[in-house]
Protein chains: 2
Amino acid sequence: MDDICHAIADATRRAILDELVQRDGQTLFELCGRLTMKHGISSSRQAISQHLDVLESAGLVIARREGRYKFHWFNGEPLKAITQRWPTKGR
Amino acid sequence: MDDICHAIADATRRAILDELVQRDGQTLFELCGRLTMKHGISSSRQAISQHLDVLESAGLVIARREGRYKFHWFNGEPLKAITQRWPTKGR
DNA sequence: TTGACAGGCAAGCCCAGACTTGCCTATACT
DNA sequence: AGTATAGGCAAGTCTGGGCTTGCCTGTCAA
């Protein structure tokens, strides 16, 4: 729970999730490009990589390495824990 | 959105929300006592007060002053924005 | 009106975490 | 083999924010 909330607390990480929702299975470099183009985020590759690590350990991103590429998928399941913990009275 | 995610990113603030869900309309001192007793949180009154400010500006807590007391209520509405932003595929 | 009680304000401390920099590994192409 | 590409690792910097400290304001009861 701590991991999940901490993961979405950063604006860049939220943008990464947005990007993955829009186009699943992106690589690190692909994400860097799209984040710069479409979200106005100009962080270094390492910064994005570190964000992906955070998202991955929170379970919000699933990653798999294939050859020299590493693909990333969005996973929204962990987010359920938030609305399950506190009542939103009529979603 | 930034306010909401930032607000729930802290464990103490999540405990405050838990407490308010369990017993709505608590005062600052009441919350301090209960957080110490039931959640093992031993922060100062000022710390809790600052947390309440954060929660209030995120819209997760509604507060009203009455005489020398200030009562706090939980409000889960803003949390909807999270699950509405990203798909959780079959809640 | 004076004391106790509920809360607010503001300055400062300190550390987690976001970001950079520099270098290294591994895979693929020619 | 050599080079380019995709990504990883680790150390260092620096700012935001959580927390404390000290003092002040406002409300109520005796």
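Letters A, B, ... are given to chains in the order of the sequence lines, protein chains preceding strands, and every chain is numbered from 1.
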Would you say A:Ser44 reaches C:dC19's phosphate, i.e. side-chain N/O to OP1/OP2 under 4.0 Å?
no
For DNA chain C, which residues of residues 59-72 of chain A approach it to below 4.0 angstrom with any heavy atom?
A:Gly67, A:Arg68
Judged by nearest nucleotide, the residue sitting upstream toward the 5' end of DNA chain C, A:Gln46 or A:Gln50, is A:Gln50
Do A:Glu56 side-chain atoms and A:Asp53 backbone N/O form a donor-acceptor pair below 3.5 Å?
no
Please list, by residue number, the residues of residues 18-39 of chain A whose heavy atoms come closer than 4.0 Å to an atom of DNA chain C; answer none if no residue qualifies.
none
Ignoring backbone atoms, establish whether A:His51 has a side-chain N or O less than 4.0 Å from OP1 or OP2 of C:dC19.
yes
Could you pull out the closest heavy-atom pair between B:Ile8 and B:Arg14, with the gap in Å?
O-NH1, 2.8 Å
Nearest-angstrom distance from the residue atom CG of A:Asp10 to C1' of D:dG16
12 Å
Over its full length, what angle do the end axes of the helix from C:dT1-D:dA30 to C:dT30-D:dA1 make, each axis taken from five pairs and the result rounded to 10 degrees?
20°
How far does CD of A:Glu19 sit from CD1 of A:Ile41, to the nearest 0.5 angstrom?
9.0 Å
Pairing of B:Lys89 and A:Glu77 as salt bridge, 4.0 angstrom limit
no
State which of C:dT20, D:dT20, D:dC23 makes the closest approach to the side chain of B:Arg45.
D:dC23
Do side-chain atoms of A:Thr36 reach the backbone of A:Cys32 as a donor and acceptor pair under 3.5 angstrom?
yes
CD1 of A:Ile62 to NE2 of A:His72, rounded to nearest 0.5 Å, is 11.0 Å
Between P of C:dA16 and NE2 of B:His6, the distance in whole Å
16 Å
Are A:Leu55 and B:Trp86 joined in one hydrophobic group, where the rule is that I, L, V, M, F, W and Y side chains link up if heavy atoms are under 4.5 Å apart?
yes
In short, B:Arg13 meets B:Ala7 closest at the heavy-atom pair NE-O, 2.7 Å
For the OG1 atom of B:Thr88 and the NZ atom of A:Lys80, what is their distance to the nearest 0.5 Å?
6.0 Å
Using only atom types and a distance under 3.5 Å, with no angle test, would you say the side chain of A:Asp24 pairs donor to acceptor with the backbone of A:Phe74?
yes
Find the distance A:Leu52:CG to D:dG8:C1' and express it as a whole number of Å.
13 Å
Whole angstrom is fine here: how far is it from CG in B:Leu55 over to C1' in D:dG17?
14 Å
How far does CD of B:Gln22 sit from CZ of B:Arg34, to the nearest 0.5 angstrom?
6.5 Å
Check the distance between D:dT20's P and B:Ile41's CD1 and give it to me in whole angstrom.
12 Å
